[in-house]
Amino acid sequence: MQTPDSLIETIEVRLRDAIGNRVDVQNLVALSGGDINRAARVITNHGDYFAKYNSSEFIEMFSAERDALDEIAATGTVRVPQPVATLQSDTCAGLLLEYLPLSNRNPNWSALGERLAQMHSHTADLHGWCRDNTIGATVQINRQTESWSEFWRDSRMTPQLQMAAQNGAPQTLLDAGDELRRKLDQVFASHTPQPSLLHGDLWSGNAGFLEDGTPVIFDPASYFGDSETDLAMSELFGGFEHAFYHAYTSARPADEGYALRKSVYQLYHLLNHFNLFGGMYASRCEQLMRSILRAIRPQI
């Protein structure tokens, strides 16, 4: 990992390139909260910025995140931090963003729901994205396809199950996962969603509010796919406030069968947590798989 002094030098060079003036970093204040990357508030003579950084092999992760932030910003819907520059040297890679001071004083959950629904109205012809990116530190395959069932099987479930096997997952989990993977066509039999622009990793840790209540989302793992996947993720780790879901579903009512699909979408993130962190996630994944399979089997 790059030393703070050399990181500061890299930031100063990239800021000079971005704004055309000499910039002096006056302080680098470490921030907590990330499991994968380090983060800091960058205080300069031209205002404050936010930097997230890691070792040099993560450059593609930061490049893809910048592209996702640009794509979301272009919709004019949900506020995201504006990318300023990618950071790269022999030992360091990172992303420099505008600094947005978040506050819990006036959270406007309804606005977040409304604006996410508006973002999801921006669609594409194919599921996937123009490039692969990451979910946490895991490579996320975004091979474009017309079939949502095919995309979810080949670009979401299969890679996670393969990694789980490499990471020592119990055979009972792998067997259940393989059965579910083979039966995904049943889950999506009557569900053919239009590919919507997604955040991709939407939970409470990746959303916040400005002082005036304006909602902000960040740390995206974007692609085009079923809008329900963002909702499912938002419900996985504690969930958002009721006002968010009321506003969202008022604009985009849920399709029949969402409860089952939600479990399938949440399973992807739980498998990824097993592959990143191990521990209790194995049993949680297997329990969810068996619950989904019980729901599917009576339909056979």
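For the single chain, residues carry numbers from 1 onward in sequence order.
- Using modelled atom types, one finds no donor on one side chain facing an acceptor on the other under 3.5 Å when comparing Asn272 with Arg156.
- With no hydrogens or angles considered, no side-chain donor-acceptor pair links Thr134 and Gln140 at under 3.5 Å.
- Here the side chains of Glu98 and Phe50 are not in contact, with every heavy-atom distance at 4.5 Å or above.
- Side-chain contact check for Arg153 and Thr158: no donor-acceptor pair (N or O, by modelled atom type) lies under 3.5 Å.
- Note on Lys52 versus Asp219: salt bridge recorded, some NZ/NE/NH1/NH2 to OD/OE distance being below 4.0 Å.
- Thr229 and Arg261 form no side-chain donor-acceptor contact under 3.5 Å, judged by distance and modelled atom types alone.
- For the pair Arg38 and Tyr53, the cation-pi test (distance below 6.0 Å, angle within 45°) is failed.
- Residue pairs meeting the ring pair (Phe, Tyr, Trp, His ring centres under 6.0 Å) criterion with at least one member in residues 112-147, sequence neighbours excluded: His120-Tyr248, His127-Trp148.
- Salt bridge status for Lys183 with Asp185: absent, with no side-chain N to carboxylate O gap under 4.0 Å.
- Remark: the Tyr223 side chain and the Ser155 side chain contain no N/O donor-acceptor pair separated by less than 3.5 Å.
- Side-chain contact check for Asn142 and Asn133: at least one donor-acceptor pair (N or O, by modelled atom type) lies under 3.5 Å.
- Between the side chains of Ser56 and Gln88, no donor N or O sits under 3.5 Å from an acceptor N or O.
- For Tyr265 and Trp152, the ring centers sit closer than 6.0 Å to each other.
- Ring pair Phe237/His273 is tilted by interplanar angle, where 30° to 60° counts as tilted.
- The residues Lys262 and Glu228 are annotated as not salt-bridged, no charged nitrogen and carboxylate oxygen being separated by less than 4.0 angstrom.
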Run Glu12 and Arg16 through salt bridge (charged side-chain N to carboxylate O under 4.0 Å, His left out) and show every step you take. CA-CA 6 Å; Glu12 288 178 339; Arg16 184 178 66 238; over 6 Å; no
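- In this structure the side chain of Phe209 never reaches within 4.5 angstrom of the side chain of Leu102, judged on heavy atoms.
- Between the side chains of Asn45 and Gln26, no donor-acceptor pair is found at a separation under 3.5 Å.
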